[in-house]
Amino acid sequence: QVQLVESGGGSVQAGGSLRLSCSVSEAIYRRFCMGWFRQAPGKQREGVGDVDSIDYTKYADSVKGRFTISRDNAKNTLYLQMNSLKPEETAIYYCAAGGTLGGYCYPQRLFTSDFGYWGQGTQVTVSS
C-alpha cells in the first residue's frame, strides 16, 4: 500500500523554524524521488525541493540556504527543516513520490506532474 503522511505543521512567527515529517510506506521509500511541495491560498502548487534514492538533493531558489531535506531510513521518514520562515511561505506543505525509474529525480526541475503519489498535506502558517 502506498502511503505518505505529513506531520509537523503549525504556526510560527516570521524568522522562526519548523520541521515537517513525512512517513512513507515501505513500498515506495527509497524507490522513488521524494519531493516537498507547497500551495498557498489562491496559488498554484510549487516545488520546494526533492531528494533521490542516493540522497542527492536540490531546492527551489527561494528556499536555498534556509530549507533542508533529509531522511531517517530506519523510520522510512522524510523531513523538511525550514528556517528563517517568511509570512509569504504560509501554505499547505505536501510530500510526494515520483521521478524516474530507479528513484532519480528529474534534473533542474520541480514539476508536480513528475510526482504520482501525494500526502494529504500539513498547514504551515507564518505570522509577521
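One hydrophobic cluster, built from ILVMFWY side chains closer than 4.5 Å, holds both Trp36 and Tyr59. Linking Ile, Leu, Val, Met, Phe, Trp and Tyr residues whenever their side-chain heavy atoms come within less than 4.5 Å places Tyr117 and Met34 in a single cluster. Linking Ile, Leu, Val, Met, Phe, Trp and Tyr residues whenever their side-chain heavy atoms come within less than 4.5 Å leaves Val51 and Tyr104 in two separate clusters. Linking Ile, Leu, Val, Met, Phe, Trp and Tyr whenever their side-chain heavy atoms come within less than 4.5 Å leaves Val126 and Phe37 in two separate clusters. When the side chains of ILVMFWY residues are joined at heavy-atom separations under 4.5 Å, either directly or via intervening members, Ile28 and Trp118 end up in two distinct hydrophobic clusters.
Annotation for Glu89 and Ser84: closest pair OE1-O, 4.3 Å, computed over non-hydrogen atoms. In terms of heavy atoms, Gln120 sits closest to Val5 at OE1-CA, 3.8 Å. Considering every non-hydrogen atom in both Asp50 and Ile69, the closest pair reads N-CD1, 3.4 Å. The two residues Arg109 and Lys58 come nearest to each other via the heavy atoms O-CE, 3.0 Å. Here the shortest heavy-atom pairing between Leu18 and Gly8 reads CD2-O, 4.0 Å. Here the shortest heavy-atom pairing between Lys86 and Arg66 reads CE-CZ, 3.8 Å.
No donor-acceptor distance shorter than 3.5 angstrom exists from the side chain of Thr125 to the backbone of Ser11, with no hydrogens or angles considered. Side chain of Ser53 to backbone of Cys33: no donor-acceptor contact under 3.5 angstrom is found.
The local environment of CZ in Arg30 is crowded, with over 12 non-hydrogen atoms from other residues, nucleotides or ligands closer than 6.0 Å. Within a 6.0 Å radius of CD in Gln123, other residues, nucleotides and ligands contribute more than 12 heavy atoms.
With a 4.5 Å cut-off on side-chain heavy atoms, Thr122 and Leu20 count as touching.
A donor-acceptor contact closer than 3.5 angstrom is absent between the side chains of Asp72 and Thr77. Asn73 and Tyr29 are linked by a side-chain donor-acceptor pair at a separation below 3.5 angstrom, with hydrogens and angles left out of the test.
A cation-pi arrangement is not found for Arg38 relative to Tyr94, the charged atom failing to lie both closer than 6.0 Å to the ring centre and inside a 45° cone about the ring normal.
Atom CG of Leu110 sits about 9.5 Å away from atom CD of Glu46, to the nearest 0.5 Å. One distance of note links CD of Gln13 with CG of Leu85; it measures 12.0 Å at 0.5 Å rounding. Rounded to the nearest 0.5 Å, atoms CG (Leu78) and OG (Ser70) are 7.0 Å apart. A distance of 8.5 Å separates OG of Ser23 from CG of Leu4, quoted to the nearest 0.5 Å. Going from atom OH of Tyr106 over to atom CZ of Phe115 covers 9.5 Å, rounded to the nearest 0.5 Å. From Met82, atom CE reaches atom OG of Ser17 across 8.5 Å, with rounding to the nearest 0.5 Å.
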Audit row: Val24, Cys22, side-chain contact (heavy atoms from CB on, under 4.5 Å) steps and yes/no: CA-CA 6 Å; Val24 183; Cys22 178; 3.9 Å; yes
Can Cys95 and Glu6 be said to form a side-chain contact (heavy atoms from CB on, under 4.5 Å), step by step? CA-CA 7 Å; Cys95 69; Glu6 301 95 335; 3.8 Å; yes
For Thr90 and Glu88: C-alpha separation, side-chain torsions, deciding distance, then whether side-chain contact (heavy atoms from CB on, under 4.5 Å) applies. CA-CA 5 Å; Thr90 293; Glu88 56 265 36; over 6 Å; no
From CA spacing to verdict: side-chain contact (heavy atoms from CB on, under 4.5 Å), Phe32, Asp52: CA-CA 7 Å; Phe32 289 87; Asp52 67 15; over 6 Å; no
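Ring geometry for Tyr93 versus Phe67: interplanar angle of 30 to 60°, hence tilted.
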